[in-house]
*Asks:* 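This is the structure, below, for whatever I ask next.
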Amino acid sequence: MESHVRRNIVFALLSVAVLAVFIFLVYNYSIESSDAKSRLEAAVAEAKVYEDEVTKLKRSITSAADALSDTAGTARFVIGYVIYSEDDISFAEEQGLQYGFDPALVIDCVGNLVELEALASVAASSGHEIMLTASVFTPEYNETVISLLDYMSEEGIECSDIFLLRSDYYSSSSVDLVISDGFAGYTVYNSTPTSGITDEGYITFDYSYLTVDSTSYTRFSSSYTNVASMVVAVDMDSIRTGTLTEAFVSKLLSTLSSYAENDDCEFSSISDVTESLLTDAESMDDRIAEYEAYAAECQARIDELEEIIAEIYAGVD
């Protein structure tokens, strides 16, 4: 009997001891967990100040990058007339007076050189800008371009340094010909009108060569929306053959005239477009340099802050 009682007492004592150890362990764990939680909460609170600054800096870099694409310029439309006679010049001048622009006179360098020289002289006497193009632009016809340029230079006739290069003949070899002729740039045909300076440093902007009537004004609206510059070339021979009607041209000019009533859109000249694109490109170079310096400064601070944050959390372990 005593042996049985003794075993029960021993068992009870052992149970109490085990329970005491368990309670002690649970208590210690609770204390340690509480301390760890407190340390983590303190670390999170301390790191949050630095993490907020990192977030703010990253947003600032993104905002600065977005600002580079912001355009506050002006959509410019140059109205040019592909002329073949003095009467064509008179027609261009009448429309210019009616809709409020100074027409550019475009000479197609496909034809008899003597006749082209005479046309250039008449165009020069009118006092309007002269732009050259070639409805067929090959090395052979480019010789006519060069000859006409030489004649105009000898006669002191000013010519735009932008060549109206139609999409039919747009290629790297054609661009090389244009630049080798001494032009500073050329026009291009894009689905979304753009204008600016190429990587090679050439001036380029959009054009629309009107040879037939169209029921869509999408390209002109797109030029306006994208703040791009565009040459609108009206082919006088197309008007004579009836594939391009005066009514359509008038409707188009009325539309562009309504655009020009806004402060961010205007009728312009080739020389003004060229100057504005060069100025914009120079300004953009400065803005990019400023952005890159700012972004580098922000990134250096971000790297510094992320090291501090890493050290804060490392102290919790």
*Asks:* Mind listing the closest non-hydrogen atom pair of Val122 and Ser125 along with its distance?
*Replies:* O-OG, 2.6 Å

*Asks:* After noting the C-alpha distance and the side-chain angles of Val231 and Met131, does the key distance pass the side chain to side chain contact (heavy atoms under 4.5 Å, CB included) rule?
*Replies:* CA-CA 10 Å; Val231 174; Met131 186 180 204; 4.3 Å; yes

*Asks:* Determine whether Thr187 and Ile162 make a side-chain contact, defined as any pair of heavy atoms from C-beta on separated by less than 4.5 Å.
*Replies:* yes

*Asks:* Please report the shortest heavy-atom distance between Val136 and Tyr141, naming the atom on each side.
*Replies:* O-CB, 3.2 Å

*Asks:* More than 12 non-hydrogen atoms from neighbouring residues, nucleotides or ligands closer than 6.0 Å to CD on Glu158, yes or no?
*Replies:*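 Open.
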
*Asks:* What residue among Phe137, Tyr207, Tyr189 forms side-chain contact (heavy atoms from CB on, under 4.5 Å) with Arg166?
*Replies:*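 Going through Phe137, Tyr207, Tyr189 one by one, the side-chain contact (heavy atoms from CB on, under 4.5 Å) with Arg166 is satisfied by Tyr207 alone.
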
*Asks:* Would you give the length of the straight line joining atom OG1 of Thr55 to atom CZ of Arg59, rounded to the nearest 0.5 angstrom?
*Replies:*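 One finds 6.0 Å between OG1 of Thr55 and CZ of Arg59.
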
*Asks:* Applying the 4.5 Å side-chain criterion to the ILVMFWY set and letting contacts propagate, would Val249 and Val212 be lumped into a single cluster?
*Replies:* no

*Asks:* Hydrophobic clusters here meaning ILVMFWY residues chained together by side-chain heavy-atom distances under 4.5 Å, can you tell me if Leu132 and Ile146 are in one?
*Replies:* no

*Asks:* For Gly196 and Leu277, work out which heavy atoms get closest and say how close.
*Replies:* N-CD2, 3.9 Å

*Asks:* Knowing that exactly one of Ile83, Val82, Asp235, Val78 qualifies, which makes a side-chain contact (heavy atoms from CB on, under 4.5 Å) with Val106?
*Replies:* Val82

*Asks:* For residues Ile130 and Ser160, determine if any side-chain heavy atom of one lies less than 4.5 Å from a side-chain heavy atom of the other.
*Replies:*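 A side-chain contact under 4.5 Å is absent here.
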
*Asks:* Using the side chain to side chain donor-acceptor pair (under 3.5 Å) rule, take Ser271 and Glu129 through it: C-alpha gap first, then chi angles, then the decisive distance, then the call.
*Replies:* CA-CA 9 Å; Ser271 58; Glu129 273 190 314; 3.3 Å; yes

*Asks:* Within a strict 4.5 Å, meaning less than it, do heavy atoms of the Val234 and Ile239 side chains meet?
*Replies:*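 Yes; the side chains approach each other to less than 4.5 Å.
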
*Asks:* Ignoring hydrogens and geometry, is there a side-chain-to-backbone donor-acceptor pair from Ser153 to Leu149 under 3.5 Å?
*Replies:* no

*Asks:* Please determine if Arg240 and Asp88 form a salt bridge, counting it only when a charged side-chain N lies under 4.0 Å from a carboxylate O.
*Replies:* yes

*Asks:* Under the side chain to side chain contact (heavy atoms under 4.5 Å, CB included) rule, what do Phe183 and Val145 come out as? Steps first, then yes or no, please.
*Replies:* CA-CA 11 Å; Phe183 291 97; Val145 174; 4.1 Å; yes

*Asks:* Taking atom NZ of Lys56 and atom CD1 of Ile302, what is their separation to the nearest 0.5 Å?
*Replies:*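 One gets 12.5 Å once the value is rounded to the nearest 0.5 Å.
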
*Asks:* In terms of the angle between their ring planes, are Tyr81 and Phe101 parallel, tilted or perpendicular, with boundaries placed at 30° and 60°?
*Replies:*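 If you compare the ring of Tyr81 with that of Phe101, the planes turn out parallel.
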
*Asks:* Could you check Phe248 against Leu210 for side chain to side chain contact (heavy atoms under 4.5 Å, CB included), going step by step and ending with a plain yes or no?
*Replies:* CA-CA 10 Å; Phe248 171 75; Leu210 304 183; 4.3 Å; yes

*Asks:* Find out whether Tyr99 and Ser254 are in side-chain contact, i.e. whether some heavy atom of one side chain is under 4.5 Å from a heavy atom of the other.
*Replies:* yes

*Asks:* As an exercise, state the distance from CD of Gln299 to CD of Glu306, rounded to the nearest 0.5 Å.
*Replies:* 7.0 Å

*Asks:* Answer with yes or no whether the hydrophobic clustering places Leu97 together with Ile89; edges join I, L, V, M, F, W, Y residues whose side-chain heavy atoms lie under 4.5 Å apart.
*Replies:* no

*Asks:* When you measure from the side chain of Asp213 to the backbone N and O of Thr245, does any donor-acceptor pair fall under 3.5 Å?
*Replies:*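 Yes; at least one donor-acceptor contact below 3.5 Å.
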
*Asks:* Using only heavy-atom distances, determine whether the side chains of Thr133 and Asp108 contain a donor-acceptor pair under 3.5 Å.
*Replies:* no

*Asks:* Please step through side chain to side chain donor-acceptor pair (under 3.5 Å) for the pair Ser269 and Asp272, ending with a clear verdict.
*Replies:* CA-CA 5 Å; Ser269 64; Asp272 284 348; 3.3 Å; yes

*Asks:* Where is the tightest heavy-atom contact between Gly185 and Val178, given as atom of each residue plus distance?
*Replies:* O-CG1, 3.8 Å

*Asks:* Between Thr243 (side chain only) and Thr211 (backbone N and O only), is there a donor and an acceptor less than 3.5 Å apart?
*Replies:* yes

*Asks:* Are Tyr202 and Ile179 side-chain neighbours, meaning at least one heavy-atom pair lies under 4.5 Å?
*Replies:* yes

*Asks:* Do Thr198 and Glu200 have a side chain donor and acceptor closer than 3.5 Å?
*Replies:* yes

*Asks:* Within the 4.5 Å heavy-atom criterion, are Tyr169 and Val175 side-chain neighbours or not?
*Replies:*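 Not touching, per the 4.5 Å side-chain cut-off.
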
*Asks:* Does any donor atom in the side chain of Ser171 or Ser174 lie under 3.5 Å from an acceptor atom in the other side chain?
*Replies:*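 Present: a donor and an acceptor within the cut-off.
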
*Asks:* For Glu155, does the CD atom sit with more than 12 other heavy atoms under 6.0 Å from it, leaving out its own atoms?
*Replies:*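 Above 12, so yes.
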
*Asks:* In terms of side-chain geometry, is the basic nitrogen of Arg301 or Glu304 positioned less than 4.0 Å from the acidic oxygen of its partner?
*Replies:*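 Yes.
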
*Asks:* Any chance you could measure Asp303, atom CG, to Ile308, atom CD1, to the nearest 0.5 Å?
*Replies:* 11.5 Å

*Asks:* Within the structure provided, determine whether Leu116 and Tyr151 are in side-chain contact (heavy-atom separation under 4.5 Å).
*Replies:* no

*Asks:* Do other residues, nucleotides or ligands put more than 12 heavy atoms under 6.0 Å from Glu275 CD?
*Replies:* no

*Asks:* Would you confirm whether Ser195, through its side chain, and Ser229, through its main-chain N or O, come within 3.5 Å as a donor-acceptor pair?
*Replies:*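 Looks like yes, one N/O pair under 3.5 Å.
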
*Asks:* What heavy-atom pair brings Leu105 and Ala123 nearest, and what distance separates the two atoms?
*Replies:* CD1-CB, 3.8 Å

*Asks:* Can you check whether Asn142 reaches Asp181 side chain to side chain, under 4.5 Å on heavy atoms?
*Replies:*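 In contact.
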
*Asks:* Can you tell me how far apart CG (Leu177) and CZ (Phe163) are? Round to the nearest 0.5 Å.
*Replies:* 9.0 Å

*Asks:* Find the distance between OG (Ser121) and CE (Met152) and round it off to the nearest 0.5 Å.
*Replies:*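 Here the interatomic distance stands at 8.5 Å.
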
*Asks:* Assess, by modelled atom type and distance only, whether the side chains of Asp150 and Ser147 contain a donor and an acceptor separated by less than 3.5 Å.
*Replies:*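 The criterion, which ignores hydrogens and geometry beyond distance, is not satisfied for Ser147 and Asp150.
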
*Asks:* List the steps, then state whether side chain to side chain contact (heavy atoms under 4.5 Å, CB included) holds for Phe267 with Ser257.
*Replies:* CA-CA 8 Å; Phe267 286 119; Ser257 182; 4.3 Å; yes

*Asks:* Of all the heavy-atom pairs spanning Gly111 and Thr144, show the shortest one and how long it is.
*Replies:* O-CG2, 4.5 Å

